[in-house]
Participant: 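The following block contains the structure, expressed as structure tokens.
Lettering follows sequence order; numbering is per chain, from 1. These values consider heavy atoms only, across backbone and side chains, with no hydrogens, waters or symmetry-generated copies.
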There are 2 protein chains.
Amino acid sequence: MPRADRTKPRGGQGDKRQALLTGALTVFARDGYTRASIDMIADEAGVSTRTLYNHFQDKARLFQAVIEESASRVAEAQTALLDRHLRKVTNLETDLIELALAWGTPMPDSAEHFALVRQVNAEAGHIPAPAIKAWREAGPLRVRRELARHLRRLADEGLLRVEDPERAALHFTRLVSVPGPHDGGLTLTRKERAEHVASGVRVFLYGYGR
Amino acid sequence: MPRADRTKPRGGQGDKRQALLTGALTVFARDGYTRASIDMIADEAGVSTRTLYNHFQDKARLFQAVIEESASRVAEAQTALLDRHLRKVTNLETDLIELALAWGTPMPDSAEHFALVRQVNAEAGHIPAPAIKAWREAGPLRVRRELARHLRRLADEGLLRVEDPERAALHFTRLVSVPGPHDGGLTLTRKERAEHVASGVRVFLYGYGR
DNA sequence: TACTCAGTACAACGTACGTTGTACCCTGGC
DNA sequence: GCCAGGGTACAACGTACGTTGTACTGAGTA
């Protein structure tokens with residue numbers, strides 16, 4: 001189902017381009033780079049393959065554009081979450097739990113994003129090094145650094161005991177990230193997710209709490 | 001370079017089959033399922049494509065055979081490591097660190113295996129559900145359960161404080177798994193790996209130690 | 001020696017895909 | 001009313017791939 005079918009709202013440039021980006025995200029995330037065909041992407045975007053090639057040089061560059069924009073968008077959302085939950089902390093444990101819950105709560109398209117992340121990790125050997133580097137910087141590394149910044153500040157305020165904020169950030173994300181259908185097995189109920197997250201935060205605080 | 005070139009040692013069945021499995025592992029791990037072509041795999045195994053199809057029905061079943069055998073082999077090695085380091089514990093912290101170090105130390109073909117794991121995680125949506133289930137059971141789940149068994153025993157012996165051994169096992173593996181070239185960024189030196197692993201174990205013991 | 005059987009080389013088939021060229025359409029602005 | 005420019009439909013090209021059939025080889029065995 002095309003996105004823009006309401007009487008051609010505007011021919012303004014960037015309209016079809018955005019449709020292409022989100023359509024390509026869907027298809028790339030579902031099928032991976034090689035399986036995803038140009039025709040499927042164009043169909044998903046409600047666009048002809050020719051316009052696709054008018055906006056992007058080739059499949060590889062389209063893919064790079066997609067992963068970078070997806071990484072940026074999600075990183076933006078996640079750093080916003082960090083700010084919201086860690087800017088002023090009242091009860092550290094409950095705030096961390098709420099952060100981790102919001103973190104792992106499946107937003108509408110975050111599922112697509114993380115599926116795409118798995119594709120990127122698998123495809124990394126076939127993506128030019130600068131592109132993966134840019135992707136990491138715009139996405140996961142940026143978020144981790146931001147989390148590290150917050151943790152260092154909380155340590156300065158005497159709420160945590162942190163030697164290496166970067167490593168602490170890595171430990172936190174690893175402890176609270178919930179196993180999706182891929183990693184561990186089935187999808188979890190809300191209650192199970194909450195338990196999992198709470199126990200992860202507890203272990204984190206045993207290690208880094210004051 | 002073919003494996004069996006020493007005057008055709010035996011026409012014994014299973015010879016070429018093994019060559020095919022290891023060759024396919026190499027190619028699948030490097031290029032992923034779709035990129036890997038039958039011709040490349042046959043070449044890598046030093047075998048004609050026709051013999052490939054005499055041993056395996058089609059590409060998909062070859063892939064399933066490859067991932068299951070790789071998972072089993074690595075799971076075997078890892079449970080052996082668990083036994084070796086945790087059967088009798090003298091100093092819990094140093095033993096856990098040694099385990100985690102051996103765990104993350106790149107064995108010759110473990111790199112290929114974990115690359116394959118990334119491929120499987122990306123391709124999961126295109127593999128029949130029973131096959132992924134079998135893979136998980138033969139590989140990661142089996143190891144995690146074994147680790148959980150050890151942790152429960154150590155708790156019974158009073159060395160740990162563990163409520164949910166499965167979750168503790170998950171936390172342990174996540175805390176000590178080293179970021180490869182994919183997850184975090186660059187490859188680490190031996191010293192950095194040791195530091196990373198030690199700090200992971202420390203956090204684990206803060207959470208679960210007695 | 002003759003048979004068997006795994007393996008090989010080679011060609012063929014159908015299909016799917018990335019990419020480009022081209023002629024046409026429609027809408028917004030002069 | 002006309003023009004420009006982004007969008008479309010359609011066909012084409014080259015290529016690569018999965019898979020199968022067939023005729024041949026070469027070693028082990030009765």
Participant: Taking atom P of D:dG18 as reference, at what distance in whole Å does atom NE2 of B:H55 sit?
Facilitator: 18 Å

Participant: Just the rounded figure in Å: distance from C1' of C:dC17 to CG of A:L52.
Facilitator: 13 Å

Participant: If I take atom CG in residue A:N54 and atom P in nucleotide C:dG18, what distance separates them, rounded to the nearest angstrom?
Facilitator: 17 Å

Participant: Going by atom types alone, do A:T105 and A:R190 pair a side-chain donor with an acceptor below 3.5 Å?
Facilitator: no

Participant: Report yes if a side-chain nitrogen or oxygen of B:S48 is closer than 4.0 Å to either non-bridging phosphate oxygen (OP1 or OP2) of C:dG7; otherwise report no.
Facilitator: no

Participant: Mind calculating the distance between NZ (A:K59) and C1' (C:dT20) to the nearest angstrom?
Facilitator: 17 Å

Participant: Which whole-number value in Å describes the distance from B:Y33 OH to D:dG18 P?
Facilitator: 8 Å

Participant: Check the angle between the aromatic planes of A:F172 and A:F204 and answer parallel, tilted or perpendicular using the 30° and 60° thresholds.
Facilitator: perpendicular

Participant: Between B:T51 and C:dT8, does any side-chain N or O lie under 4.0 Å from OP1 or OP2?
Facilitator: yes

Participant: Take the protein atom CD1 of A:I41 and the nucleotide atom P of C:dG18, then report the distance between them rounded to whole Å.
Facilitator: 8 Å

Participant: So what does B:A60 hit on the nucleic acid, given a heavy-atom distance under 4.0 Å: a base, only sugar-phosphate, or nothing?
Facilitator: nothing

Participant: Nearest nucleotide by nearest heavy atom, which residue falls closer to the 5' end of DNA chain C, A:M40 or A:R50?
Facilitator: A:M40

Participant: Map B:T49 and A:D39 onto DNA chain C by nearest heavy atom, then report which one ends up closer to the 5' terminus.
Facilitator: B:T49

